[in-house]
Amino acid sequence: MSSLYESYNYDVSYRAIVNSNNVVKVFTERDYIEVNSQISFDIEDSSNTSFNYFTSSIISGIIHNLIFVSKKSNIKLEDIEGKIKIKLKNPLTVLAVNGYTEEAKIDSCEITIYLFSDLEDDELVDFCKKSLNSCFIYNTLKDVMDINIKFIQIGRA
């Protein structure tokens, strides 16, 4: 095995600035992401929040990992769809409601991934669970919050 730093690490840097409207602009390698707030409890609000991006990256990271590992393993996966449900503890602290100062945090995450495959049901679930070993987002989060993932086959070839 190589002893090169780069063979064991991948360092990424982003830069963030805040404009006069308190929108945070995060510059990525080739683009930028605008984040309007930490979280919004207004269902009419269409702006992107840190919570939206975080939740989206969890489910999309897991799905992209499944796609990558299945291609590498010559396993047919199609029609992948997922749902994610996040439970935020102590949301009134986030809203700065008087008398609420408990630590606000994401307590749990439930994910259901539906997919079509040519594998048997049990084989598919085993494959999907093993593929999580190479999913850096899942591996980072699994020890800091309760994360439960179900894989459900919707059909076979």
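- Y32 places none of its side-chain heavy atoms less than 4.5 Å from the side chain of I17.
- C135 approaches G61 most closely through the heavy-atom pair SG-O, 3.9 Å.
- Put simply, the side chain of N36 does not reach to within 4.5 Å of the side chain of D45, judged on heavy atoms.
- Between the CG atom in L124 and the CG atom in L77 there is a gap of 6.5 Å [rounded to 0.5 Å].
- No more than 12 heavy-atom neighbours from other residues, nucleotides or ligands sit within 6.0 angstrom of CD on Q38.
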inquiry  = As a quick check of understanding, evaluate side chain to side chain contact (heavy atoms under 4.5 Å, CB included) for F151 and L66, giving each step before the final call.
reply    = CA-CA 11 Å; F151 299 99; L66 282 170; 3.9 Å; yes

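- Across all non-hydrogen atoms, the minimal contact from T49 to S40 is CG2-N, 3.7 Å.
- By the rule that hydrophobic residues join a cluster once side-chain heavy atoms approach within less than 4.5 Å of another member, F54 and I86 end up as members of one cluster.
- The environment of D122 atom CG is sparse: at most 12 non-hydrogen atoms of other residues, nucleotides or ligands sit within 6.0 angstrom.
- With rounding to the nearest 0.5 angstrom, the CG atom of L92 is 11.0 Å from the CG atom of N98.
- What you find for E29 and V12 is that their closest heavy atoms are OE2-CG1, 3.9 Å.
- Residues K87 and D146 have side chains not in contact (no heavy-atom distance under 4.5 Å, counting atoms from C-beta outward).
- In terms of the side chain to side chain contact (heavy atoms under 4.5 Å, CB included) criterion, residue partners of D11 (sequence neighbours excluded) are, by chain and number, Y5, N9.
- Considering only residues two or more places apart in sequence or on other chains, K85 meets the side chain to side chain contact (heavy atoms under 4.5 Å, CB included) condition with E110.
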